[in-house]
Asks: 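I have a structure I would like to understand better, so I am pasting it below and will then ask my questions one at a time.
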Amino acid sequence: MLYSPCKLRHLQKDTDEKNTSREDDDTSAEDNTREGSFKKRKFLPKELKEKFACARPSGKQVKDFNHHITAELEKLAAAYKSKKDTWRALGYQKAISAIRNYPRPITSREEALSIRGVGGRLADKVAEIVESGKLRKVAEVCEDEEAQTLQRFMGVWGAGPTTAHGWYIQGYRTLEDLREKGNLTRHQQIGLKYYDDINSRIPREEVAEIENYVRSAAHGIKKGLIVMVCGSYRRGRATCGDVDVLVTHPDGQSHETVFQPLLNKLRETGFLTDDLVTQEDNGNQKKYLGVCKLPGEGQKYRRLDVIVVPYCEFAPAAMYFTGSAHFNR
DNA sequence: AGGCTGTACTG
DNA sequence: CAGTAC
DNA sequence: GCCT
């Protein structure tokens with residue numbers, strides 16, 4: 001995947017330093033500094049702007065007008081996933097993503113049904129939430145001990161539905177049980193160690209701090225390196241589950257030799273505290289998964305992904321890693 | 001009825 | 001190969 | 001779960 005002809009190079013002129021300035025606001029000025037062909041962007045029909053997230057100004061934080069709805073559906077999605085009902089969970093997840101991006105509060109079953117990814121069954125559920133504020137199905141599916149325990153166990157990084165079920169069968173119920181009696185893989189030991197931190201959301205301000213930290217380290221190794229956070233941060237979310245950092249270099253070559261030095265530098269300063277997957281090699285693109293912590297008191301441990309790509313793949317990679325996952329399909 | 005991305009790592 | 005994660 |  002990610003076949004990315006280097007022809008795309010001309011498309012990404014604005015990515016140098018300071019991507020923070022791009023996430024800001026969509027008022028005024030920004031328009032005329034872009035490519036001339038898009039000058040009339042502000043005149044896009046309203047329907048278009050509402051239908052396609054990519055047709056909306058990308059500044060501003062994304063508002064979730066339907067948080068009360070997605071929050072309920074998330075509970076069911078998590079429960080189904082824990083019960084290995086993978087595809088049902090996927091359907092939920094897709095619908096949740098679509099609803100989250102919907103630009104105004106949903107007020108009827110009909111309106112829900114008009115959203116791609118939301119079918120009759122989910123539209124019914126949306127309607128129930130709109131009317132009563134909650135879903136009876138949630139109590140039915142989520143509030144038994146097994147479901148709760150499975151979901152608790154799946155919060156351990158590296159433990160999925162099968163592992164969680166296995167632990168449940170063995171009689172384990174608490175994280176304490178896992179620590180004492182469970183035999184955990186290396187990943188799961190790390191996942192358990194930082195359970196609370198890893199499962200808490202990261203304020204986007206902190207994501208920006210992490211980005212700056214990584215960028216400084218990168219520039220200490222090679223000037224001109226581009227360091228950009230993708231994922232939910234770049235989609236404008238107020239909080240993020242982890243930090244996806246994309247690294248490249250405009251000279252088209254320096255990315256090849258920067259991966260190890262960068263990781264080593266981040267280790268020396270104590271920023272990287274644990275490695276999960278140290279070298280996923282996807283063609284010429286490399287990925288690191290680990291745990292980091294900003295310097296100073298009271299900082300939490302955060303999940304960090306670092307992806308290094310050749311410059312000619314920068315634009316498609318940025319899109320891919322910005323997601324969301326469902327947008328990519 | 002049948003697909004829902006494709007790939008790499010770990011054990 | 002199964003499980004997990006991206 | 002949804003979509004084709």
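Here is the naming used below: chain letters follow the sequence lines, and residue numbers restart at 1 for every chain.
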Asks: Regarding Gln279(A), tell me which of base, sugar-phosphate or nothing describes its non-hydrogen contacts under 4.0 Å with the strands shown.
Replies: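 Touches sugar-phosphate only.
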Asks: Between residues 159-196 of chain A and DNA chain B, which residues have a heavy-atom gap below 4.0 Å?
Replies: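 Nucleic-acid contacts, sorted: Arg186(A), His187(A).
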Asks: Let me know, please, whether Leu90(A) or Leu276(A) comes out on the 5' side of the other along DNA chain B by nearest nucleotide.
Replies: Leu90(A)
Asks: Does Tyr288(A) have any ring-ring contact (aromatic ring centres under 6.0 Å, His included) partners at least two apart in sequence or in another chain, and if so, which?
Replies: none
Asks: Might you confirm whether atom NZ of Lys181(A) has over 12 heavy atoms from other residues, nucleotides or ligands at distances under 6.0 Å?
Replies: yes
Asks: Heavy atoms under 4.0 Å, any strand shown: does Asp244(A) hit a base, just sugar-phosphate, or nothing?
Replies: nothing
Asks: Report yes or no: do Arg201(A) and Thr239(A) form a side-chain donor-acceptor pair below 3.5 Å?
Replies: yes
Asks: Among residues at least two apart in sequence or on other chains, which ones pass side-chain contact (heavy atoms from CB on, under 4.5 Å) with Thr269(A)?
Replies: Tyr213(A), Phe271(A)
Asks: Just jot down the ring-ring contact (aromatic ring centres under 6.0 Å, His included) partners of Tyr195(A), sequence neighbours excluded, or say none.
Replies: none
Asks: Whole Å only: how far is the CG atom of Leu289(A) from the P atom of dT7(B)?
Replies: 18 Å
Asks: Can you tell me how far P of dG6(B) sits from NZ of Lys287(A), to the nearest Å?
Replies: 15 Å
Asks: Restricting to pairs with a member in residues 254-263 of chain A, which pass side chain to side chain donor-acceptor pair (under 3.5 Å), not counting sequence neighbours?
Replies: Asp251(A)-Ser254(A)
Asks: Go through the structure and list residues passing side-chain contact (heavy atoms from CB on, under 4.5 Å) with Glu209(A), not counting sequence neighbours.
Replies: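 If we apply the side-chain contact (heavy atoms from CB on, under 4.5 Å) test to Glu209(A), skipping adjacent residues, the hits are Leu294(A).
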Asks: Kindly write out the residues that satisfy ring-ring contact (aromatic ring centres under 6.0 Å, His included) with Tyr301(A), not counting sequence neighbours, or none if the list is empty.
Replies: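 Once residues adjacent in sequence are excluded, the partners of Tyr301(A) under the ring-ring contact (aromatic ring centres under 6.0 Å, His included) criterion are Tyr194(A).
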Asks: Considering only nitrogen or oxygen atoms on both sides, find all protein atoms under 3.5 Å from nucleotides 2-4 of chain D and state each distance.
Replies:
| unit_1 | atom_1 | unit_2 | atom_2 | d |
| --- | --- | --- | --- | --- |
| dC2(D) | OP1 | Gly119(A) | N | 3.0 |
| dC2(D) | OP1 | Gly119(A) | O | 3.2 |
| dC2(D) | OP1 | Gly120(A) | N | 3.4 |
| dC2(D) | OP1 | Arg121(A) | N | 3.4 |
| dC2(D) | OP1 | Leu122(A) | N | 3.1 |
| dC3(D) | OP1 | Gly117(A) | N | 3.1 |

Asks: Between dC2(D) and dT7(B), how far apart are the two P atoms, rounded to whole Å?
Replies: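 About 29 Å, rounded to a whole number of Å.
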Asks: Whole angstrom is fine here: how far is it from CH2 in Trp87(A) over to C1' in dC4(B)?
Replies: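 To the nearest whole Å, that distance equals 5 Å.
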Asks: Can you list everything that forms a side-chain contact (heavy atoms from CB on, under 4.5 Å) with Asp305(A)? Sequence neighbours excluded, please.
Replies: Asp242(A), Asp244(A), Leu289(A), Arg303(A), Ile307(A)
Asks: Can you tell me which residue pairs pass the side chain to side chain donor-acceptor pair (under 3.5 Å) test with a partner in residues 121-135 of chain A, sequence neighbours excluded?
Replies: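 Only Arg109(A)-Asp124(A), Glu128(A)-Arg136(A) qualify under side chain to side chain donor-acceptor pair (under 3.5 Å).
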Asks: Suppose the criterion is side chain to side chain donor-acceptor pair (under 3.5 Å): which pairs have a residue in residues 146-162 of chain A, not counting sequence neighbours?
Replies: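 Output for this query lists Lys84(A)-Thr162(A).
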Asks: Walk along DNA chain C from 5' to 3' and tell me the first and last nucleotide with an atom closer than 4.0 Å to a non-hydrogen atom of chain A.
Replies: dG3(C) to dC6(C)
Asks: Between Asp305(A) (CG) and dC9(B) (C1'), how many Å, whole number?
Replies: 14 Å
